[in-house]
Structure formats: structure tokens, C-alpha cells
2 protein chains.
Amino acid sequence: MLSFTEENYLKALLKINLESGQAEVGTNELASMLSLRPATVNDMIKKLREKKLVNYERYGKITLTRDGKKRAIEVLRKHRLWETFLYEKLSFTWDEVHEVAEQLEHIQSAKLVDRIDELLGFPEFDPHGDVIPNAKGEIKTRIQKTLDEIEPGKSCKMVAVKDNSTPFLQYVVKVGLGISSKIKVVSKQAYDANLVIEVKGVKHTVSQKFAQNIFVVTEIKAS
Amino acid sequence: MLSFTEENYLKALLKINLESGQAEVGTNELASMLSLRPATVNDMIKKLREKKLVNYERYGKITLTRDGKKRAIEVLRKHRLWETFLYEKLSFTWDEVHEVAEQLEHIQSAKLVDRIDELLGFPEFDPHGDVIPNAKGEIKTRIQKTLDEIEPGKSCKMVAVKDNSTPFLQYVVKVGLGISSKIKVVSKQAYDANLVIEVKGVKHTVSQKFAQNIFVVTEIKAS
DNA sequence: TATAAAAGTTAGACAAGCAAAACAAAAGTA
DNA sequence: TACTTTTGTTTTGCTTGTCTAACTTTTATA
């Protein structure tokens, strides 16, 4: 049985893997992801190594073992299913779900997770557009870019957000965006990479930082 | 913000209060309720006293303060709402709900509890027949006896169980009992207080221990 | 009422989880 | 190559929650 804390370390490692594509993670990187000191992380990584959940050697990089990855996926699955539950069944707003799901993801009961999954009709995506790993631990991948990578003149569809913080999400809503929104990149300011985008016929100017936190796909299918 | 452990101590104190009617609790009694050593409980009670959640002095008895009781009721409310949710919405069985609710009761989100309450239609009783405190912290009381207090020849209605353990609950089901079951006490063995009871026309012999864990009411209303 | 049993307390220990400060290694750069 | 910055490690120490073992107070009873 893993502790609350151990589960969070594994989840953070998996998230770095998924978001950056790199399997190897440094102590400092992980520490900053978890808002902890590198010293703290170094201690815990040694414990996780003892439990065969990560591969690691002195001054080396951290990778998840097969078992560690499996555990991490379970936590991520629970997190995203709970978010979906809160959003779909309890009318929580987009920006409220994350905080509560952070707690709910540590509840130990395979039956509970599977029943919630069933109640929700086995959803593939959570309210932020992120993929929910299925009961077998499989994670679908999607060819997605961030909004700032789209060339001016092209259109795309928003599929997910990178940042889950309340201020960001509330801003997203204010700009008229949500999962599946169609976005046209009108122009890009060369100086600071500010973007002018068009959403539902309305133009907005957003920063590069904002655009880097919006995931989009470019093949817009006729619906 | 109270820790997981502190909440469990408060809940245990409240449960002793509700089940025995006595407001004063001893260190050993609490320790046995929590399956901990008296020394451990003694330490923690001092911490809870510092936080003004319990009244206590050396060699004296423990009582909940107004604030302590309020917190304890919140935990109990969450526990019983989650049990009801698992039973009603996720098809958990009677004996499965307790364990998972022990974890869920510590989730910190007032909104979550209230929404679950709403989703369930503001239930008054949990699957074990226990009263669910309402959002204001009020606990309805019911004039109930244990089955072993019923005189032979009389009938009664089962309203709750005292023991939440899986073996007990599975045994209850096996005897054909559930919340609202009508029970006739046919006879009582003077030697060991074994009871012969009749449920749905079938006679069963049950021990005094069993009967002490079944709560009943005697005024059977026409339904 | 003396004494044994029950109930409660204290002291000392340990493990988990965290962090500050000092140190060591690796990488980048002039 | 030498110096500096970044990255990683170790040491030491705090806090929380638990335990065992030894001790003290209260209570029940012979």
C-alpha cells in the first residue's frame, strides 16, 4: 500500500513524462513540480527506489519502473474520473474540480473507481480535455499542439488545457473558450508573440503564455 | 484544518456519546474504540484539548466541547452520506460501504458534501438505518431499543444495526433481515438469552450478542 | 480499610515526511 | 583550462502520530 505522498510523486513523474515526452526526470524538475525542496525529493526517490517503483542512481535521472508507471496511471485515472464525476454529476465548474479531485484520487477502492467509471458511461476525456486512462491502464494519445504553435491564418479546435489553476481557467471561460471550441488564429505579433484569435466571431488578444497552455488539434472534422 | 487522525478521534467520541448516551468517555474506552493504546490516546487528547476540541483534565473524563462536537458531527454526516451514496448510486452492498466511507469522510469540501446530499434527495437515514445529521448539524433522535430488550410475544420493526462489520452484516442478510424488517420475538431461552425470532414467517434462533446489535422500534405503524 | 485490579500517565523510542544549510559533482562559458 | 552556475546530495533537525514499558492514581472488593 502506497502513502498519499508516494502516490503524488509517481503521478508527478508520469505527468512530466506525458507532458514533455521525456521519460527521464531530474531531481530539481520533480521538486519544482511538487513545490518541494530537491533535498526532500532526493530522500523520497531513494525510498521509491527501494520499493522498485523508480529507477535511479546517484547524480542520475529518475525514470518510472513498469510497476511504478502502473501505479501512477491508476492515480491519474482516478483523478480524471473524479473530475469528470464532479463536473457531470455534481455540477461543479471547470475550475473547481481539480482541487477536490486531488483528494479523491487517493481513495483506495478498485470497485469504487470502476463503478464511478460505469456511472459516467466510461468517458474518454475529463472536463479539461485530458485523456482518461482506461481500466486496463491504456492511455490514448492524440496529436496535439499548443495554440502558440498554430500559424496565423489557420484554424484549430481546442481539445485540452495544460494549466489547471483557477485564474487560468476562469480567464479561458472569459475569452469564450471551452473544450471543442473552434479557434482561428488571426495574427501573431512578432515582438512578444501575442496572438489575435477569433472565437465565435469575436476577436481577442492573448499572450504567448496563455496560448502555450491551450492544447489544440488542427484537423477540424466536419461535425 | 484538522488532520485525518484528529477527525477520527472526534468521530469516535461522538459515536460513544450517541450509542451509550453518556457524554463522558474514558481513555481506555476511547483507545479500544480506535484500536489504539491508551498511551497514544492520552497524547492525542492533550493535543485536542490545546485546540479546544475536548474538555479534559488529568485522570478525568473526556467530553467534546461545542466546537469539537460540531466538527465530529460534520465527519459523521459525511460518513453516512457517502455510505448512502455508495449504496444508492453505485450499487455497493450493505457490508461494503463502511470501509470506503471511512476514507471518503475525510475529504475536505463543503460543496461536495452538500451536492452529494442533494443528489441523494436529502436522505434521513443511511443504509444501516442510522440517522444522517442534516446540513445544520441537527441529529434526529429516535426511541429505539435493541432486539434483546423486546419481550417474548411482542413484535417490532428493525431500524438500524449497531455493528458495521462485514461478518455481522452478512449474517443479518442470511437471517432474512434488513432495515424495516418486521420481527416477532417468539421466545427467549432463560439460560443463555438465545432468542427465537420470526421473520417473514420463518423462525430463527439467534444469540443475545446478535440481538444486542439490532436496533428496533416497537410502535409498528400501519403502512 | 488494605490491597488488588482497572484505568490512566509518563518517558523514551521510532518512522514518515519535510526543509535549511552546507557540501559535491556536472555542465556551461570565457 | 579555469571559473561560474546549475544540479544534485548529505547532514541535521523539526513535526506528527504511533508504540512499549514502567509508573501512578482511582476504584472495587475481600
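Chain identifiers are assigned alphabetically (A, B, ...) following the order of the sequence lines, protein sequences preceding nucleic acid strands; residue numbering begins at 1 within each chain.
Here B/Arg77 pairs with B/Asp114 in a salt bridge; the nearest charged N to carboxylate O distance falls below 4.0 Å. Electrostatic pairing of A/Glu105 and A/Lys11 counts as a salt bridge here, judged by a charged N lying under 4.0 Å from a carboxylate O.
B/Thr65 and B/Asp67 are not linked by any side-chain donor-acceptor pair at a separation below 3.5 angstrom, with hydrogens and angles left out of the test. A/Asp163 and A/Ser165 share a side-chain donor-acceptor pair at under 3.5 Å.
If you take CD of B/Glu57 and C1' of D/dT26, they are 14 Å apart, rounded to a whole angstrom. Per the geometry, CG belonging to A/Leu2 stands 13 Å off P belonging to C/dA16, to the nearest Å. Counting to the nearest Å, the C1' atom of C/dA16 and the CZ atom of B/Phe4 are 16 Å from each other.
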Report the C-alpha distance between A/Lys145 and A/Glu151 in whole Å, list the side-chain angles of each, state the deciding distance to 0.1 Å, and finish with yes or no for salt bridge (Lys or Arg N to Asp or Glu O under 4.0 Å).
CA-CA 11 Å; A/Lys145 297 178 178 177; A/Glu151 287 171 38; over 6 Å; no
Donor-acceptor pairs are to be reported for all side-chain atoms of residues 83-92 of chain B against protein atoms at under 3.5 Å, with residues two or more places apart or in another chain.
| unit_1 | atom_1 | unit_2 | atom_2 | d |
| --- | --- | --- | --- | --- |
| B/Glu83 | OE1 | B/His128 | ND1 | 3.0 |
| B/Glu83 | OE2 | B/His79 | NE2 | 2.8 |
| B/Glu83 | OE2 | B/His98 | ND1 | 3.3 |
| B/Thr84 | OG1 | B/Arg80 | O | 2.7 |

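Residues passing the side-chain hydrogen bond (donor to acceptor under 3.5 Å, both in side chains) test with A/Asn194: none are found, sequence neighbours excluded. For the side-chain hydrogen bond (donor to acceptor under 3.5 Å, both in side chains) test, residues two or more places apart in sequence or in another chain that qualify with B/Lys140 are B/Glu124.
Contact check of residues 29-47 of chain A against DNA chain D (heavy atom, cut-off under 4.0 Å) returns A/Pro38, A/Ala39, A/Asn42, A/Lys46. The stretch residues 7-23 of chain A touches DNA chain C through A/Tyr9, each having a heavy atom under 4.0 angstrom from the strand.
Counting non-hydrogen atoms of neighbouring residues, nucleotides and ligands closer than 6.0 angstrom, the NZ atom of A/Lys69 reaches no more than 12 such neighbours.
Within the structure, a side-chain polar atom (N or O) of A/Ser3 is placed less than 4.0 Å from OP1 or OP2 of C/dG17.
The two atoms that bring B/Met158 and B/Val216 nearest to each other are CA-CG1, 4.0 Å, heavy atoms only.
When each of B/Val196, B/Thr205, B/Ile197, B/Leu195 is paired with B/Ser187, the side chain to side chain contact (heavy atoms under 4.5 Å, CB included) condition holds for B/Val196 and for no other.
The side chain of A/Asn28 lies closest to D/dG8 when the candidates are C/dA7, D/dG8, D/dG17.
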Under 3.5 Å between N/O atoms: give me all the protein pairs with nucleotides 24-27 of chain C, atom names plus distance.
none

